Amino acid sequence: MRTATLGPAQRAESLAAMAERELDVLVVGAGVVGAGTALDAVTRGLSTGLVEARDWASGTSSRSSKLIHGGLRYLEMLDFALVREALKERGLLLERLAPHLVKPVPFLYPLQHKGWERLYAGSGVALYDAMSMARGHGRGLPIHRHLSRTHALRVAPALKRDALVGALQYYDAQMDDARFVATLVRTAAAYGAQVANRARVTSFIREGERVVGARVQDVEAGGEYDIRAKQIVNATGVWTDDTQSMVGERGQFHVRASKGIHLVVPKDRIHSTTGLILRTEKSVLFVIPWGRHWIIGTTDTDWDLDKAHPAASSADIDYLLEHVNSVLSVPLTRDDVEGVFAGLRPLLAGESDATSKLSREHTVAHPVPGLVVVAGGKYTTYRVMAKDAVDEAVHGLDLRVADSVTEETPLLGAEGYHALWNARARIAERTGLHVVRVEHLLNRYGSLAEEVLELVAEDPSLGQPLQAADDYLRAEVVYAASHEGARHLDDVLTRRTRISIETFDRGTRSAREAAELMAPVLGWDKDQVEREVQHYEKRVEAERESQRQPDDLTADAARLGAPDIVPK
């Protein structure tokens with residue numbers, strides 16, 4: 001199928017097209033749920049628009065634990081329906097929808113009590129595997145196994161011998177969350193959706209009680225657009241209540257933000273061939289393999305400060321280090337931490353004050369005619385949330401509309417991925433790149449890697465890695481700006497790549513090289529390149545300062561010391 005190119009020209013054309021004629025559906029918010037909703041709507045034959053105030057996945061959907069999982073801990077809460085649904089989605093993503101982006105990942109669960117714990121935890125993991133297989137989408141993952149303490153320490157030598165009496169090993173899946181969302185957006189655009197980032201909804205347009213459109217500010221070029229639509233879907237996550245207030249109506253439910261932070265450390269700091277899952281007094285702690293790194297997370301604390309830039313405090317970092325060090329034979333220190341990121345979970349507000357007890361279920365509502373709201377849920381079940389949101393919107397359309405087809409619609413890059421993977425040695429020979437580089441590209445772009453390789457064929461210097469972040473090729477920076485909608489340096493270093501959390505300098509040493517690669521694509525002059533670099537450096541310094549602060553209040557104040565980028 002034809003792929004969509006999301007460069008500067010296409011963004012301008014999309015905004016103009018959305019304002020030109022009434023859409024069937026306008027989706028507000030391009031996190032994973034909003035992007036999924038746009039794809040669901042457009043593949044049902046509906047004229048669809050998608051607008052995002054900042055960048056694709058710039059909120060929660062780029063700051064998750066990067067897991068596609070059934071939610072093993074929800075079995076303990078007896079929430080079988082949620083686990084069953086999530087396991088089905090995990091299988092679809094692994095096998096059909098995005099095999100290039102979603103990969104199996106092993107986890108070791110250390111047992112600390114003899115006898116009863118192996119029986120109790122083993123029964124849960126066996127049920128988890130059985131539910132996955134029963135859906136017909138679990139055959140892509142190995143089943144769990146029981147390990148003795150000796151065997152477990154061979155698999156994960158980093159563990160203290162007295163930290164376990166044995167272990168269970170099971171499999172889930174992982175992905176790069178921001179890359180997944182960017183691919184969702186491009187897939188929707190390839191099927192005909194009009195999409196624009198840095199396009200902020202400032203108000204809703206009403207006729208009587210009905211919402212008939214949205215006023216959208218072009219944050220990049222200035223100017224406003226009135227975009228009319230028969231149905232608008234509010235998919236703004238932790239901003240749901242703020243967006244809802246624009247229609248002057250109290251929502252039927254409220255969304256609370258729960259902060260979760262993660263640490264990134266180099267692979268050699270924890271000697272293990274498997275990820276780890278550990279119990280804490282409040283939740284669970286994951287140690288997740290991530291290329292040449294580990295991701296350690298997460299926390300679960302109420303957050304009512306700045307939603308755009310949630311800050312990790314010194315106390316948050318100490319909490320994670322203390323808990324992971326309780327089982328490691330060689331403890332981690334602050335000096336081992338390469339990157340830190342904080343995200344906010346959108347939880348449906350319940351009666352409990354403890355965020356870990358708030359619902360991970362999702363809700364769809366139609367609070368006023370013409371406006372649908374979708375909120376809650378978890379990353380893994382985004383497709384179900386999107387389907388439910390469009391089903392609700394269809395009730396307000398005077399049309400016969402087809403059922404959802406996203407269960408059968410692979411994302412861009414999935415088709416042909418396995419064939420190209422099998423041919424990776426030949427591709428390496430043809431392009432002159434090392435086979436490891438080709439594998440890296442295939443696991444980030446799937447069959448779209450050919451488009452990145454075309455850039456290298458035109459300019460061989462783009463086949464070189466970035467000087468201070470050699471996991472990534474220079475071509476990937478250019479491609480992010482020309483094909484993936486990146487508008488600013490921050491978009492590339494934080495979301496199109498993960499340089500901001502995968503290097504000890506947090507990407508500052510790569511900033512100028514990346515900005516100069518983006519400049520010709522985005523029409524930047526030297527002054528704009530300088531502005532982009534300075535802004536990025538200030539952002540990193542503000543984040544570092546926030547991570548030295550003792551609590552949320554002081555960390556938030558420090559993080560807000562760096563303003564958002566303002567175009568020239």
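All figures in this text were calculated on a predicted structure; none of them were measured in a lab.
Looking at Asp551 and Thr554, their side chains do bring a donor and an acceptor atom within 3.5 Å of each other. There is a side-chain donor-acceptor pair under 3.5 Å between Glu502 and Trp290. Remark: the Gln547 side chain and the Ser313 side chain contain no N/O donor-acceptor pair separated by less than 3.5 Å. With no hydrogens or angles considered, a side-chain donor-acceptor pair links Asp300 and Ser258 at under 3.5 Å. Between the side chains of Tyr479 and Glu484, no donor-acceptor pair of N or O atoms lies under 3.5 Å.
A salt bridge is absent between Asp241 and Arg256; no separation between the charged side-chain nitrogens and carboxylate oxygens falls under 4.0 Å. Taking the charged nitrogens against the carboxylate oxygens, Arg496 and Asp55 do have a contact shorter than 4.0 Å, which makes a salt bridge. Using a cutoff of 4.0 Å between basic side-chain nitrogens and carboxylate oxygens, Arg495 and Asp490 are scored as salt-bridged. Using a cutoff of 4.0 Å between basic side-chain nitrogens and carboxylate oxygens, Glu530 and Arg512 are scored as salt-bridged. Between Arg444 and Glu476, at least one side-chain N (NZ, or NE/NH1/NH2) sits under 4.0 Å from a carboxylate O, which counts as a salt bridge. Under a 4.0 Å N-O distance rule, the pair Arg198/Glu52 does not qualify as a salt bridge. By the 4.0 Å N-to-carboxylate-O rule, Asp177 lies too far from Arg63 to be salt-bridged with it. Between Glu545 and Arg548 there is a salt bridge, with a side-chain nitrogen of the basic residue lying less than 4.0 Å from a carboxylate oxygen of the acidic one. Between Arg11 and Asp218 a salt bridge is recorded (basic side-chain N to carboxylate O distance below 4.0 Å). Ionic pairing of Arg292 and Asp268 is not present here: no N-O contact between side-chain nitrogen and carboxylate oxygen is shorter than 4.0 angstrom. Note on Arg559 versus Asp306: no salt bridge recorded, every NZ/NE/NH1/NH2 to OD/OE distance being 4.0 Å or above.
When each of Val265, Leu332, Leu263 is paired with Val324, the side chain to side chain contact (heavy atoms under 4.5 Å, CB included) condition holds for Leu332 and for no other. The only option from His535, Arg54, Gln528, Glu220 that meets the side chain to side chain donor-acceptor pair (under 3.5 Å) definition with His488 turns out to be Glu220. Exactly one of Val195, Thr183, Val32, Leu184 qualifies for a side chain to side chain contact (heavy atoms under 4.5 Å, CB included) with Trp56. That residue is Val195.
Going from atom CZ of Phe286 over to atom CG of Leu320 covers 13.0 Å, rounded to the nearest 0.5 Å. From Ile277, atom CD1 reaches atom NE2 of His69 across 9.0 Å, with rounding to the nearest 0.5 Å. Within the model, atoms CD1 of Ile288 and OG of Ser65 stand 5.0 Å from one another, a figure rounded to the nearest 0.5 Å. Separation of atoms CD (Gln10) and CZ (Arg186) is listed at 10.0 Å; rounding is to 0.5 Å. Note that the CG atom of Leu517 and the CG atom of Asp459 stand 9.0 Å from one another [nearest 0.5 Å]. With values rounded to the nearest 0.5 angstrom, His440 atom NE2 is found 7.0 Å from Asp471 atom CG.
Minimum interatomic distance between Ala257 and Val238 (heavy atoms only, all atoms of both residues): CB-CG1, 4.1 Å. Between Pro8 and Ala481 the shortest heavy-atom distance is CD-O, 4.1 Å. The two residues Leu371 and Val247 make their nearest non-hydrogen contact at CD2-CG1, 3.9 Å. Taking every heavy atom of both residues into account, Trp294 and Gly275 meet most closely at CZ3-CA, 4.1 Å. The two atoms that bring Val456 and Ala475 nearest to each other are CG2-CB, 3.7 Å, heavy atoms only.
Side-chain contact between Leu473 and Leu441: present, with at least one pair of heavy atoms (C-beta onward) separated by less than 4.5 Å. By the 4.5 Å heavy-atom criterion applied to side chains, His309 and Asp564 are counted as neighbours. A heavy-atom distance below 4.5 Å is not found between the side chains of Thr494 and Asp491. Annotation: side chain of Val27 is not in contact with side chain of Val51 (no heavy-atom distance under 4.5 Å). Put simply, the side chain of Val529 reaches to within 4.5 Å of the side chain of Glu516, judged on heavy atoms. A 4.5 Å side-chain heavy-atom check between Phe107 and Leu276 finds every atom pair outside the cut-off. The side-chain heavy atoms of Leu6 and His483, taken from C-beta on, include no pair separated by under 4.5 Å. For the pair Val102 and Phe180, the minimum side-chain heavy-atom distance is below 4.5 Å.
Annotation: cation-pi pair Arg179/Tyr445 present, NZ/CZ under 6.0 Å from the ring centroid and within 45° of its normal.
Counting only distance, with no hydrogens or angles, the side chain of Thr298 and the backbone of Ile261 share a donor-acceptor pair below 3.5 Å. At least one donor-acceptor pair under 3.5 Å links the side chain of Glu532 to the backbone N or O of Leu489. In this structure a side-chain-to-backbone donor-acceptor pair under 3.5 Å is missing from Gln174 to Ile68.
Ring geometry for Tyr382 versus Tyr379: interplanar angle over 60°, hence perpendicular rather than tilted (30 to 60°). Ring geometry, His262 versus Phe341: the interplanar angle falls under 30°, so the pair is classed parallel (tilted spans 30 to 60°).
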Walk me through whether Lys307 and Thr60 qualify under side-chain contact (heavy atoms from CB on, under 4.5 Å). CA-CA 9 Å; Lys307 295 189 184 82; Thr60 304; over 6 Å; no
